[in-house]
Every structure is written in structure tokens, then in C-alpha cells.
Asks: 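Submitted below is the structure of interest, expressed as C-alpha cells.
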2 protein chains.
Amino acid sequence: MATYTPSQVAAKTGFSLDTLRYYERIGLLGDIARTSGGRRTYDDDDLGWLGMVQCLRDTGMPIADMLRFAELCRNGDDTIPERIALLEQHDATVQEKIAHLNTQQQRISNKIQWYRDVTRADDVPSKVADSAPV
Amino acid sequence: MATYTPSQVAAKTGFSLDTLRYYERIGLLGDIARTSGGRRTYDDDDLGWLGMVQCLRDTGMPIADMLRFAELCRNGDDTIPERIALLEQHDATVQEKIAHLNTQQQRISNKIQWYRDVTRADDVPSKVADSAPV
DNA sequence: TTGCCACCTGGAGTGCGCTCCAGGTCAAGG
DNA sequence: CCTTGACCTGGAGCGCACTCCAGGTGGCAA
């Protein structure tokens, strides 16, 4: 099975070496295999898990929740329903976040358009005056 | 013109009193009018600006950038092109964020589905084994 | 006039998620 | 062998965006 040095993993995942060590220290990664000399050797399972971590992190899951998920994963197949529940909960949160982002982005677009109208008219015409303020 | 007490503004906007004072202190709000006794009295313009701040904050703009935008707004109509540029830049960032969130959410959905398939099969059948790992 | 509560100020503290550092170890190339 | 650079550990430090606090003031209601 393929193994990877810390710097290879950093390159592949975008996590820094410090972050990788940090995640391991707090228990987000489980113990990583070592060489006889004590150097970490990551394998494909580790990379897979790191991908999951990255996905959850990038969607805004706090580390505490990821730790909970990691713990469930470590505790065998009986926890799968709980894992599903956790992910569904998170999925709903992400859904809301996306929706909120979309509405806020619309506001930004409106504002940009408002500025464009203002500059084209060289002043604030009534047609445009009731747009977003300031 | 309608005016509002700090707690009314907090209720309307969702910002805490401390956050309102903090934003004022760092220059994100400009000086808020005061009563003779020194109490803040916010007006509708302030609320409008706070709405903008909220929109930018919720879409992930760092305070430093909002300060820059606030400064442009204070410096008259000549800065409107710069404001547009800043907002367009931000808009693009938000766009990317939404796109990334969507792809990551897809991964989460896949993972949930994968867990469902696993539990239904009571083990990992080959049909499902090449899905997302761990 | 006296409570009382909302509000004021400046400054210190908090939580999160890393990031940096000092001082040491391991292993491959020359 | 010796150098060199990637890696090790434990712990301290950082940047952001607030949040809390102590000690004091304003103004309305009873």
C-alpha cells in the first residue's frame, strides 16, 4: 500500500505540516503510523479521512463536531446511524448557509447596480432613490 | 426622522450592544449622534449602513476590508468607482464560496447515501465500495 | 427624591484555529 | 564519516472578531 511523508501529504491536501500535527494531537486523525525512527507515514486511508475533514471544515463544521464524528467513526459500525444523523444535521446547516449567501449576494449585486445607476445619472434620480441605502 | 436607542438597534439588527460599540470604536460606523447626556441615538441611515455591514460580514468580508469600504463611503462620490470595484471583487469571492460549498455539500450527500447503502446491505457490497472512503 | 435600569468608558479577556519556535533526531547523498 | 534537510516534541504565540468587566452617569417612574 502506498505511503506518504508529511510533506507529501501537505502538498496533496493543502494542510500545513503544523496543521497535520495539530489535528493528530487533538485526536482528529487517530494515531498515524510511524517508521522505526519515529517519522509519520500516512497511507491512503489517512488521505481519505483528511479529505473528509477538509470537506467538513470547508463547509464550516467546528472542530469540536468533527471530533465527535471522528469518535463515532472509531467506535465501529453501530454508530453509523449517529454518523448519518450528524451529517444530515450538518448538511441542513450548509444548505441554510448557501441560501443565506445567495440572498446576500443578491443584495451586493443590487448595490453594485445601484452605484452604476447613480454614476450614470451623475446624481440620484427618483427612479433609483429607493434602492439599497448608503 | 426616527431615532433608535442602542438596545432597539441591537434588537433590529441582531448585533450586540458591545458589537455596536466595537464597530463604532474601530471606525466601521462613523460617529453616532448623541443626546445631551451622551447616549447614542441611531437613525435610519445608521440602520441602513448596519444592514450593509451585516451583509458584507455574513458573506465573509473581513473587517479590514469593510473599513476600507467605509472609508471610501466617507470620502464622497469620487470613490464610487472604487466602491464598485471592491464590491465586484467581493461578489466574485462570494460566488466562489457558494460554488465550493455546493460541491462540498454534494460530497456530504454522497457520504450520507453511502452510509445508507452500507447499512441496508449490512456490509460493504462491491457496488458501493468505491464510493467516498471512511 | 430615590430607585432602578439602560447606558457610558477604557481596557482586559475569550475562543477558535491554527502557527511558530527552540532544541533535538533521523537518514540519504557526497 | 559527515553534512544537510526533513522531521520530531512540547509549549508558547498569534490574529480575528468579538465579549466581558468595573466603575460611573442619565433619566424616567413611583
Side-chain angles (χ1 to χ4, degrees), chain A residues 3-43 46-47 49-50 52-70 90 93 97 100 104, chain B residues 3-43 46-47 49-71 90 93 97 100 104:
Chain A
T3 65
Y4 310 90
T5 67
S7 54
Q8 283 172 331
V9 173
K12 271 180 196 288
T13 63
F15 291 123
S16 74
L17 294 173
D18 270 317
T19 299
L20 290 171
R21 285 192 283 258
Y22 167 68
Y23 283 173
E24 190 178 344
R25 201 154 62 193
I26 63 174
L28 193 52
L29 253 61
D31 289 344
I32 300 296
R34 302 293 183 111
T35 66
S36 57
R39 274 80 200 289
R40 289 176 181 80
T41 54
Y42 298 85
D43 61 25
D46 296 327
L47 281 189
W49 174 244
L50 279 168
M52 189 71 200
V53 165
Q54 198 160 37
C55 174
L56 296 177
R57 187 194 67 165
D58 288 359
T59 48
M61 183 181 283
I63 283 183
D65 293 8
M66 289 197 270
L67 282 175
R68 170 87 186 121
F69 185 65
H90 182 59
T93 306
K97 195 177 300 221
H100 189 63
Q104 298 307 295
Chain B
T3 64
Y4 310 91
T5 66
S7 54
Q8 283 172 331
V9 174
K12 271 180 196 290
T13 63
F15 290 123
S16 74
L17 295 173
D18 269 318
T19 299
L20 290 170
R21 286 193 282 258
Y22 167 67
Y23 282 172
E24 190 179 344
R25 200 154 62 192
I26 64 174
L28 192 52
L29 254 61
D31 289 345
I32 300 297
R34 302 293 184 113
T35 66
S36 57
R39 272 80 197 287
R40 289 175 181 80
T41 54
Y42 298 85
D43 61 24
D46 295 327
L47 281 189
W49 173 246
L50 279 169
M52 188 70 199
V53 166
Q54 198 160 39
C55 174
L56 296 177
R57 186 195 66 165
D58 289 0
T59 48
M61 183 182 283
I63 283 183
D65 292 8
M66 289 197 271
L67 283 175
R68 170 87 187 120
F69 185 64
E71 193 199 341
H90 182 59
T93 306
K97 195 177 301 222
H100 189 63
Q104 298 308 293

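Every chain is numbered from 1 and lettered A, B, ... according to where its sequence line falls, protein lines coming before strand lines. When reading the values below, keep in mind they use all heavy atoms of this one structure, side chains included, and skip hydrogens, waters and symmetry mates.
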Asks: On DNA chain C, does the nearest nucleotide to A/S16 precede the nearest nucleotide to A/G38 from the 5' side, or the other way round? Give the residue.
Replies: A/S16
Asks: Between D/dA17 atom P and B/M66 atom CE, what is the distance in whole Å?
Replies: 7 Å
Asks: Show the nearest heavy-atom pair for residues A/T41 and A/I32, with the distance to one decimal.
Replies: O-CG2, 3.7 Å
Asks: Check each residue of residues 18-33 of chain B for a non-hydrogen atom within less than 4.0 Å of any atom in DNA chain D, then write out the ones that pass by number, or none.
Replies: B/D18, B/T19, B/Y22, B/Y23, B/R25
Asks: Can you name the residues that form a side-chain hydrogen bond (donor to acceptor under 3.5 Å, both in side chains) with B/S7, not counting sequence neighbours?
Replies: B/T5
Asks: Using the heavy-atom set of chain B and a strict 4.0 Å cut-off, write down the first and last nucleotide of DNA chain C that makes it in, 5' to 3'.
Replies: C/dA6 to C/dG11
Asks: Just wondering, do B/V9 and B/L50 contact through their side chains at under 4.5 Å, heavy atoms?
Replies: yes
Asks: Minimum heavy-atom separation for A/D58 to B/Q104, with atom names?
Replies: CB-CG, 4.5 Å
Asks: If you compare all heavy atoms of B/A70 against all heavy atoms of B/W49, which two are closest, and at what distance to 0.1 Å?
Replies: CB-CZ2, 3.6 Å
Asks: Mind listing the closest non-hydrogen atom pair of B/T59 and B/K97 along with its distance?
Replies: O-NZ, 3.6 Å
Asks: Mind checking ring pair (Phe, Tyr, Trp, His ring centres under 6.0 Å) for A/Y23 and listing every partner two or more places apart, or none if nothing turns up?
Replies: A/F15
Asks: Specify the residues of residues 56-65 of chain B, ordered by number, for which at least one heavy atom lies under 4.0 angstrom from an atom of DNA chain D.
Replies: B/R57, B/P62, B/I63
Asks: Is any side-chain heavy atom of A/M52 less than 4.5 Å from a side-chain heavy atom of A/F69?
Replies: yes
Asks: At their closest point, which heavy atom of A/V53 faces which heavy atom of A/M66, and how far apart are they?
Replies: O-SD, 3.7 Å
Asks: Using whole Å, what does the distance between atom C1' of nucleotide D/dC7 and atom CZ of A/R40 come to?
Replies: 9 Å
Asks: Using the test salt bridge (Lys or Arg N to Asp or Glu O under 4.0 Å), find all partners of A/E24 that sit at least two apart in sequence or belong to another chain.
Replies: A/R34, A/R40
